[in-house]
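Take a look at the structure set out below.
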Amino acid sequence: RRGTTARTECTLIYLKGPKFLIYVSGALSMWGDRMWHFAISVFLIELYGRNLLLTAVFGLVVAGSVLLLGALIGDWVDRNPRNKVAHASLFIQNISVTVCSIVLMLVFSYKQKIEQIWDGWLTVVCYTVVIILADVANLASTALTIAIQRDWIVVITGYNRGHLAGMNATMRRIDQVTNILAPLAVGQVMTLASNVVGCGFILGWNLVSLIVEFFFLSRVYRIVPALSVKPPMVELKDFNVSELITARPQSLTEGNCNSRVHLKEIANLPLCFRRFRWLVSTCKDGWRAYYRQPVFLAGMGLAFLYTTVLGFDCITTGYAYTQGISGSLLSLLMGVSAITGLMGTVMFTRLRKTYGLVNTGIISSCIHLSCLLLCVCSVFAPGSPMDLSLLMPYITSNSSVELGVMASQRQKHTFPLTGGSNQPLLPDRSSIHWTNNTVLFDNVPSGTAPESYISIILLFLGVITARIGLWSFDLTVTQLLQENICESERGVVNGVQSSMNYLMDLLHFIMVISAPQPHHFGILVIISVLFITTGHTMYFLYQVPASTSAPLFLQGCVPQQQTRTQVK
């Protein structure tokens, strides 16, 4: 009885503790994010006549805004109390999604009437409002992720490296599970009911999630006193110009006179120009802070891994559709990839305990690259549609005839989409059949198959197994950023890291736009592996001096009163 009572008390203590509250709050936030990211793409396709233009514009706006504002978001996280940052980000994110869902419900319900108002310009206004609100929600989500997963977790674990690794791995497992289940759940609602009901479902989820997350984060902030303590920042940006002009009058050298003249010129600028100057200065200082970090090469290495088509995104799935992969099989493969991702988080915790954090990154890199060799082999395996000769210019008519013959021969390995010659490779996700086993494109002929499945099997075998090393490496770099960045710069550096990730992600879409056909996909695979190899090479260069140095928060970057009692 005493043992049972003790276990019950321990369970209750854990359920009321900060770790469990962070897990639940993170799960709710991730579930909402995954549902929204999936649904907004489908909604934009449906709104624009099953065309990918709005989806492409939305992706460009989201990536561009984080790329430009990442440092500013991180600086805002650093300069404000933790509870205000979390609550403001949470409120802005959920309210933006809620208002955007309401606008979408109105557009879906009264689309024909809206198109007749202002000669159709009201429709354009609605599209613009939807994209802007969705982008604001994504920026707020970025701020919340930086605040909770890059800062709060470090403080909650008491700067204990083992506990920090455990929390990072658990948060990533939650992310992997929600990445599969959340789109499936909202997709079922949209398929069985309607888009309007899907918008209502997301709206209700965000309102409930807002209340629960707000309560849980507030409680965590109360029961962890260290969260209320932030190191003082050197306020170099919010200076008072008049004070600086009148300061230190004793030395009137030529250099000081030039400085005072420069400050007077700043003071005479209009307020809007001064604000713009401050924004540019903040961004510049953020990128400088990122560059001078000891983990700069490790962070850059992680960013380079985003320039790839070897993942379960719209690019790879679109290619799979052209190779005759059915929807049911693709869903199964996505589930298996989620399992291998979870295996990567388990491997990370065990490798870190045995070999240390830096060496874990080396092992993970080797596993990742070894698995991706299967993807390279798939480019040259039987059944691959790649034809390098199709990229060569042909001038003579004989060459044109040869090109047509070669293209027709190679076409037997792919299932072309009907429509114009500029038909994009990206799949129209609004035509997905969730409940049957047909190929997901409505216009792809069922019952036909390529001569060999060896190429596509090797491709997905490499992509799925590589996720073990990928997620272990991702967790390694994430913890290195947490451990080796001073608390006063944690937000701005992680904001710049998010900008770098989005920048490299944009490159892979540019690659696809440059070579959109299925027979070009092999070239994209090779380029992706080269980018990934470059990223891991950067980590190898970082590893050489890093193996002999201790984390910054073990060298005095934590508050003085925490160094003895909490660092283990």
Side-chain angles (χ1 to χ4, degrees), residues 52 55-56 59 304-327 329-330 333-334 337 368-369 371-392 403 406-429 439-441 443-445 448-467 470 504-534:
L52 291 166
T55 305
F304 265 70
L305 267 59
Y306 281 75
T307 308
T308 177
V309 297
L310 301 175
F312 279 94
D313 58 359
C314 53
I315 307 299
T316 308
T317 53
Y319 173 75
Y321 299 154
T322 65
Q323 299 301 295
I325 301 298
S326 65
L329 179 57
L330 187 60
L333 292 176
M334 292 180 68
S337 71
H368 190 203
L369 290 174
C371 295
L372 290 181
L373 291 178
L374 295 173
C375 300
V376 177
C377 294
S378 72
V379 175
F380 308 98
S384 172
M386 189 185 78
D387 193 344
L388 294 178
S389 61
L390 295 177
L391 295 178
M392 305 296 292
L403 175 61
M406 295 174 64
S408 62
Q409 291 176 350
R410 186 62 64 181
Q411 195 69 22
K412 62 188 178 182
H413 295 300
T414 61
F415 297 131
L417 306 178
T418 60
S421 59
N422 60 345
Q423 180 76 35
L425 174 63
L426 304 180
D428 183 350
R429 294 198 290 186
V439 177
L440 298 195
F441 269 131
N443 54 1
V444 174
T448 57
E451 289 184 351
S452 176
Y453 282 105
I454 295 178
S455 175
I456 197 68
I457 289 174
L458 287 176
L459 176 67
F460 278 98
L461 185 62
V463 170
I464 291 173
T465 55
R467 295 177 76 84
L470 171 64
M504 304 308 291
D505 192 42
L506 274 178
L507 290 182
H508 106 273
F509 282 109
I510 295 174
M511 285 165 40
V512 176
I513 293 173
S514 303
Q517 299 301 325
H519 46 259
H520 298 157
F521 191 77
I523 301 173
L524 301 182
V525 170
I526 295 174
I527 295 175
S528 299
V529 174
L530 290 177
F531 268 94
I532 293 172
T533 303
T534 303

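This one's a predicted model, so the numbers in the text were calculated from it and none came from an experiment.
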Return a table of donor-acceptor pairs under 3.5 angstrom between the side chains of residues 455-463 and protein atoms on other chains or two or more places apart.
| residue | atom | partner | partner atom | Å |
| --- | --- | --- | --- | --- |
| S455 | OG | S378 | O | 2.7 |

| F531 side chain near M504 side chain, heavy-atom distance below 4.5 Å |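 In short, these two side chains touch, coming nearer than 4.5 Å.
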
| T308 side chain near H508 side chain, heavy-atom distance below 4.5 Å |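 Heavy-atom side-chain distance check fails, nothing below 4.5 Å.
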
| message | How close do M511 and S528 get, counting heavy atoms only, and between which atoms? | response | CE-OG, 3.9 Å

| request: Work out which heavy atom in P382 is nearest to a heavy atom in I454; give both atom names and the distance. | output: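 Nearest heavy atoms, P382 then I454: O-CB, 3.7 Å.
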
Reported [atom1]-to-[atom2] distance for the pair [X] and [Y], which is rounded to 0.5 angstrom:
X: L369; Y: I532; atom1: CG; atom2: CD1; answer: 7.5 Å
X: L305; Y: D505; atom1: CG; atom2: CG; answer: 12.0 Å
X: T465; Y: L373; atom1: OG1; atom2: CG; answer: 10.0 Å
X: L507; Y: I527; atom1: CG; atom2: CD1; answer: 11.0 Å

